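This report concerns only the one structure given below.
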Protein chains: 2
Amino acid sequence: MTKVAQNLTADPAPGRRLPAHEVIYRQLRGLVLFGDLAPGQAVTIQGLTDQTGAGMTPVREAIRRLTAEGALEFQGNRRVCVPFLTADHVSELILARQWLDPHLALRATERASPEDLDHLEELDAALDTAITRGDLRGYLESNYRFHKRLYDLAAAPILADMADGLWLRFGPSLRVVCGRMGTQNLPDKHKELMAAMRARDAEGAARAIREDVIQGMEQVRQSLDDPEV
Amino acid sequence: MTKVAQNLTADPAPGRRLPAHEVIYRQLRGLVLFGDLAPGQAVTIQGLTDQTGAGMTPVREAIRRLTAEGALEFQGNRRVCVPFLTADHVSELILARQWLDPHLALRATERASPEDLDHLEELDAALDTAITRGDLRGYLESNYRFHKRLYDLAAAPILADMADGLWLRFGPSLRVVCGRMGTQNLPDKHKELMAAMRARDAEGAARAIREDVIQGMEQVRQSLDDPEV
DNA sequence: TGCCCCAGAATATGATCAAATTAATCCCTG
DNA sequence: CAGGGATTAATTTGATCATATTCTGGGGCA
């Protein structure tokens, strides 16, 4: 019997020293996911070797991985940059998340233990803290962690991978949008979601997360339409 | 205005010489997609350098890319192999394709030009030829090409990427399943699909492709349940 | 404006080091 | 004395780096 480790980012052996290419990958992934790199910004191999002190081979591998995931974009002429998102792209992302997220939330509700729910609520509390503090970066991280945890609870590794991958695509643009309007007016439906999960109301949980997704993503779409960076 | 090249596998400049890592990537991708590598088979860097004559850096990058796409699996101990598919995994793939494929077919129907439809029918004819010839490999390639073309016609690069990526996950197992029962009894709903697309019946096209997907994928699931390799 | 050259960046190689699997050996027990 | 398990040696494979080569893009010059 083989233990299937679907998720690449899962530590195979927690105590083991991580290879450099894995470390670079995670760093760079975080930079994209939380919008530290702006859309359009170039990502160069040499820049990363200088910045991280690593050799170019690990850096190359990290960039290839992110590019394959859609987090970075290959520009044809050997250049790589953070992709711009058009309104059409956001529409696709909305469609995809509108299907994936509720489905995963539904499964998560059926499977989550009370401890799992407690943990989710902790993550949501951290999110609220970040909002009241006006900590944008903290908000983005907490929000991602909350949803990521929900994906993992669904026990559907392939679908979870798909949903997770979408975050990399709108991360940079989300940061731009949120940066424009501060952290105060960032409503979510997490409380409704948690209530439904506690009540084992899987359908209700799916509905709550669907509204959460639409609410958040529509803001991104509208924001991209108007000023057009 | 930046031209967004969403798909990595698209030639940026057709005349240009492709870099080695891109060549290796495509070769290896084909091997996975069409089941030339069996589930569980190890994919080693050195093996590929010997086999292709390329250096290890391009090989490494190709493997990382495929791993990020879920075509290969990282085994924790720095080893990489072709993943085994469990019945649960297939269930996830069925769910995902059951949503993605009809949606893309619907959009493709709305957008396809008559020439596009002609081209699709050519691809389908090649598929039939492969079946009557008993050419398994040819069948798998033609079938993929048909569906891939359908994805591209939908003009939804992100969703198309997602759907395309799923093929890499069930490619090896599909080959095993089809290999067991020959090419004769491989029914599909492509004729119904084409008829609906010609009639601009988007809903009908979506229905046809949905049945096609279910029919094909259910065979894989059942086949995985019974003999358990 | 168009061409040519150059700086800089990416691609690709082979060497070197480290880790892991495999093979072989040895010791201990029955 | 034979078999089994485990430790260790050998080999294979992965990870990283330094370096050479190729290509792209831009600036200078006609």
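Sequence lines set the chain letters: A, B, ... in the order given, protein chains first and strands last, and positions in each chain run from 1. These numbers come from a predicted model, not from an experiment.
- By the neighbour-count criterion of 12 heavy atoms within 6.0 Å, atom CZ of B:R133 is sparsely surrounded, having that number or fewer from other residues, nucleotides or ligands.
- For the pair A:D50 CG and C:dA10 P, the interatomic distance rounds to 10 Å; values are reported in whole Å.
- The distance between atom CZ of B:R65 and atom C1' of C:dT11, rounded to the nearest whole Å, is 14 Å.
- Between A:H147 and A:H190, the ring planes are perpendicular. Angles over 60° get that label, and only those under 30° would be called parallel.
- Counting heavy atoms from C-beta on, the side chains of B:E69 and B:R29 come closer than 4.5 Å.
- The aromatic rings of A:H103 and A:W99 sit parallel to each other, their planes meeting at less than 30°, with 60° as the upper class boundary.
- With rounding to whole Å, B:Y25 atom OH is found 16 Å from C:dA12 atom P.
- The pair A:E110-A:R107 fails the salt-bridge criterion, with no side-chain N (NZ, NE, NH1 or NH2) lying under 4.0 Å from an Asp/Glu carboxylate O.
- Across the protein-nucleic acid pair, A:I63 atom CD1 and C:dA9 atom P stand 13 Å apart, rounded to whole Å.
- Protein atom CD of A:Q46 is 17 Å distant from nucleotide atom P of D:dT24, rounded to whole Å.
- Between A:N77 and D:dG25, a side-chain N or O to OP1/OP2 separation shorter than 4.0 Å is present.
- For the pair A:G47 and B:G55, both in contact range of DNA chain C, the more 5′-proximal nearest nucleotide belongs to A:G47.
- Annotation: of the two residues near DNA chain D, A:M56 and A:H21, the 5′-most nearest-nucleotide partner is A:H21.
- Residue whose closest nucleotide on DNA chain C sits further toward the 5' end, between B:P58 and A:T44: A:T44.
- Nucleotide C:dA10 holds its P atom 7 Å from the CZ atom of A:R79, rounded to whole Å.
- In this entry the distance linking CD1 of A:I45 with P of C:dA12 reads 10 Å, nearest Å.
- Using a 4.0 Å heavy-atom criterion, one finds that B:R60 contacts the bases of the nucleic acid, with or without backbone contacts as well.
- Looking at heavy-atom distances under 4.0 Å, A:T57 makes contact with a base.
- For A:R78 and D:dC23, the CZ to P distance is 7 Å, given to the nearest whole Å.
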